[in-house]
Number of protein chains: 2
Amino acid sequence: MSTPSRSAPTIVDVAREAGVSKSLVSLAIRGDAGVSDATRTRILDVADRLGYHSNALARGLVKGRTQVVGLLVSDLSNPYFADVVEGIEEDATATGLGTVIGHGRGSAEVLARRLDEMLDLGVDGVIVISAMLDAETLDRAAARRPLVMVGRPFDAPRRVSVVRNHDEHGAQAAVGHLLGLGHTRIVHVASSRRAAATARRSSYKETMRAAGLEPQVVEAADGGVSQALDLVARDGGPTACFAGNDRIGTALIHDALERRIDVPGAISVVGYDNSEVGRLVRPALTTVEQPREAMGREAMRLLLSRIDGDREVAEVTLEPRLVVRASTGTAR
Amino acid sequence: MSTPSRSAPTIVDVAREAGVSKSLVSLAIRGDAGVSDATRTRILDVADRLGYHSNALARGLVKGRTQVVGLLVSDLSNPYFADVVEGIEEDATATGLGTVIGHGRGSAEVLARRLDEMLDLGVDGVIVISAMLDAETLDRAAARRPLVMVGRPFDAPRRVSVVRNHDEHGAQAAVGHLLGLGHTRIVHVASSRRAAATARRSSYKETMRAAGLEPQVVEAADGGVSQALDLVARDGGPTACFAGNDRIGTALIHDALERRIDVPGAISVVGYDNSEVGRLVRPALTTVEQPREAMGREAMRLLLSRIDGDREVAEVTLEPRLVVRASTGTAR
DNA sequence: GGACGCTACTGGAACGTTCCAGGCCTTTTC
DNA sequence: GAAAAGGCCTGGAACGTTCCAGTAGCGTCC
């Protein structure tokens, strides 16, 4: 009967058992046309009976391709990543590519280690959904395999394709919405010094100035949420607030209600990202939505063209969309 | 100088450039003691200069080990998974193992495909954090590599180690808490027919009967949330509700408030899982917490012992913990 | 001064695939 | 009826490592 070996059966075991060469087993399993129907079914039967599974390591070694792409995220619990990954995997599956996800656990160092592991393991390409990695790390990785980044890099790395949302337009839409409701005193609680935050901040300022209004920015990192609410309580203080992201936006709503400041009666709040918390909080948060699944699909598209030999580095910007909910109302 | 080849340099390129045999390069890179200091630094310098990276496919092929374990989750956006993964990765990193995550996107079929891909890619073991896979799929996979499951399987598969929380004790704690607050009419909104839900349901019934009270169960799938609230509105209806999970618990709170039923004044609510939504909702949800990170660490421990040759299948049960918040109060 | 042992190194065989150049047959073609 | 073509199959080389059995050189020991 079959080999008594305890380790996994190989193509050679199947060949011996079926009475053919290992080459023919390889051809039969890959569905090559030049194998007669009779032999093919016999080989497949034997393979099935022995519990044969093709060894992807060996295949990857000789082919130089593993048909697997790596996805890198810095924080699993953030639903933003889940949506982008969804878009990517939809496309990947359709193209017959597998995906593995590496998790940075909020640390650039861990993320970089995962990136190296994946490249060593021979993934065909990598999509980084995180703004944590510095340009040098990205460039070094991109020298080994095609790499696409979703989000906004600190400094633009060469050799890396980028998919991002148009933060300037998003901020403009948020501020425009508040202006349309009659607000004139609008404060911005900025999220961080990263590229996306910087873009939102300067677009906010520009939009305000274009409307003939004075911008006013506080930093979330410096306790900006309570600073902003202090301002609101004051006479002639802001009647609306553009938060740099939904986390800040929901914090603003919670703290306002705790201080008995009505939302949106006394202050309107707009966030950015359309995360789940924003939908659940009461009043539900008006926010700007990044087209996350579309960004994922776009990233996969760029990666595929790079894998197929296209050497060109691309930068794609997708349009965000305002989602109006209950946290914004007409100016008091 | 170096080879003009465009493809990645191999150990042979390094050997030629350094004037030694490929075997010695291999030894030097792996830090073997039998290499003189002078040669070692020379070899490492050359490797660095050429941009050499060890090919994990080739290494895995000959060693039969890749030093990577696979993690399988069915839904990335569920923070439950993130916490378990956190516990697993903490341990894995400490042991020098890499991790890759496979994503089932809510479908058992996709999850099974990812499982196969990972096994083909030669992971040293797999941890499945999902109750979606049937016993047969699990068993087939476990025949190829060590497999540990976190959660409660439908039917107990042979050959698979299991880490789970003690749902019976958790339900007992929840009901006990309500009894302690003076409630006697407690309805249970059950979540599903899966193993964990079944255990919670029967433990609820048992605890009620042990206290000399009549259990009353409605199914969330049959609109149990509004059924339960209908009962509450009635005279002599329940004054407390044990929800099968936090999703149901938060839905209960939302809908109650919408119907102007006070929580916890008119009805106390307890959930299960301690998810983030439960913390954010107002009033914040009293719930039962599974020791997620500990479950992850335990799973990794079991997997490691299996990888190291231990053939024994284990089942570990960890104790849940009651988290009291604002959604429960004394009976009216 | 031969046996021994140590240190530092080497060459070739494995690992499980795919790829390539061919080798039979049988059938078709002129 | 010989040559060409096509269908089906085979053996060996490659992929980039690790592992194993040596080997050369050199000092040590009695």
Side-chain angles (χ1 to χ4, degrees), chain A residues 3 5-44 46-47 50-68 117 119-124 144-145, chain B residues 3 5-44 46-47 50-68 119-124 144:
Chain A
T3 47
S5 138
R6 273 313 304 135
S7 62
T10 76
I11 214 174
V12 180
D13 298 320
V14 177
R16 190 183 323 115
E17 188 77 0
V20 294
S21 73
K22 61 175 177 25
S23 305
L24 195 59
V25 175
S26 175
L27 292 172
I29 281 170
R30 285 178 293 154
D32 188 285
V35 183
S36 74
D37 282 351
T39 350
R40 151 169 300 119
T41 52
R42 183 159 46 94
I43 291 174
L44 293 183
V46 172
L50 296 187
Y52 168 78
H53 286 276
S54 157
N55 182 324
L57 292 183
R59 185 172 349 110
L61 184 56
V62 39
K63 298 200 74 152
R65 286 272 311 253
T66 50
Q67 305 284 13
V68 174
E117 276 169 23
L119 292 170
D120 286 352
L121 255 182
V123 294
D124 293 339
R144 298 178 63 188
R145 295 281 166 174
Chain B
T3 49
S5 137
R6 273 315 302 137
S7 62
T10 76
I11 214 174
V12 180
D13 299 319
V14 177
R16 188 181 327 114
E17 187 78 1
V20 295
S21 72
K22 63 177 175 26
S23 305
L24 195 59
V25 174
S26 175
L27 292 171
I29 282 169
R30 284 178 293 156
D32 188 283
V35 182
S36 74
D37 283 351
T39 343
R40 150 169 301 118
T41 50
R42 183 158 46 94
I43 291 175
L44 294 184
V46 172
L50 296 188
Y52 169 78
H53 287 276
S54 156
N55 181 325
L57 291 183
R59 184 170 353 109
L61 183 57
V62 39
K63 298 200 75 152
R65 287 269 314 250
T66 50
Q67 306 284 13
V68 174
L119 291 170
D120 286 352
L121 255 183
V123 294
D124 293 340
R144 297 178 64 187

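The chains referred to below are lettered A, B, ... by the order of the sequence lines, with proteins before strands, and numbering in each begins at 1.
Counting to the nearest Å, the P atom of D/dG11 and the CG atom of A/Leu24 are 11 Å from each other. Between A/Asp120 atom CG and D/dC15 atom P the separation is 20 Å, expressed in whole Å. Distance, A/Leu27 CG to C/dT17 P: 13 Å, rounded to whole Å. Regarding A/Ile29, its CD1 atom lies at a distance of 8 Å from the P atom of C/dT17, rounded to whole Å. Atom OH of B/Tyr52 is separated from atom C1' of D/dG16 by 8 Å (rounded to the nearest Å). Taking atom NZ of residue B/Lys22 and atom P of nucleotide C/dA13, one finds them 10 Å apart after rounding to whole Å. Summarising the geometry, the separation between CG on A/Leu121 and C1' on D/dT17 is reported as 14 Å, rounded to the nearest angstrom. The distance from atom NE2 of B/His53 to atom P of D/dT17 is 12 Å, rounded to the nearest whole Å.
Listed here is the closest heavy atom pair of B/Leu121 and A/Leu57: O-CD2, 3.3 Å.
OP1 or OP2 of D/dC19 sits under 4.0 Å from a side-chain N or O of B/Arg30. Dashed line: the shortest gap from a side-chain N or O of A/Arg40 to OP1 or OP2 of D/dC8 is not under 4.0 Å. Not one side-chain nitrogen or oxygen of B/Thr10 sits closer than 4.0 Å to the OP1 or OP2 atom of D/dG16. Applying the 4.0 Å criterion to OP1 and OP2 of D/dC19, one finds that B/Lys63 has a side-chain N or O inside that range. For C/dG16, the OP1/OP2 oxygens have no side-chain nitrogen or oxygen of A/Arg59 closer than 4.0 Å.
Remark on DNA chain D: of its neighbouring residues B/Leu61 and B/Ser23, the 5'-side contact belongs to B/Leu61, judged by nearest-heavy-atom nucleotide. Taking the nucleotide of DNA chain C with the nearest heavy atom to each of A/Asn55 and B/Asp37, the more 5' of the two is matched to B/Asp37. Where B/Ser21 and B/Val62 meet DNA chain C, the nucleotide closest to each residue was compared, and B/Ser21 sits on the side nearer the 5' end.
The side chain of B/Thr39 lies closest to C/dA8 when the candidates are D/dT18, D/dT10, C/dA8.
Within the 3.5 Å criterion, the main-chain N or O of A/Gly122 finds a donor-acceptor partner in the side chain of A/Thr66. Of the possible polar contacts, none joining the A/Arg40 side chain to the A/Leu27 backbone as a donor-acceptor pair under 3.5 Å is found. Judged by distance alone, with hydrogens and angles left aside, the side-chain atoms of A/Arg42 form a donor-acceptor pair with the main-chain N or O of A/Ala18 at under 3.5 Å.
Partner of A/Val25 under the side-chain contact (heavy atoms from CB on, under 4.5 Å) criterion, out of A/Val14, A/Leu44, A/Val35: A/Val14 alone.
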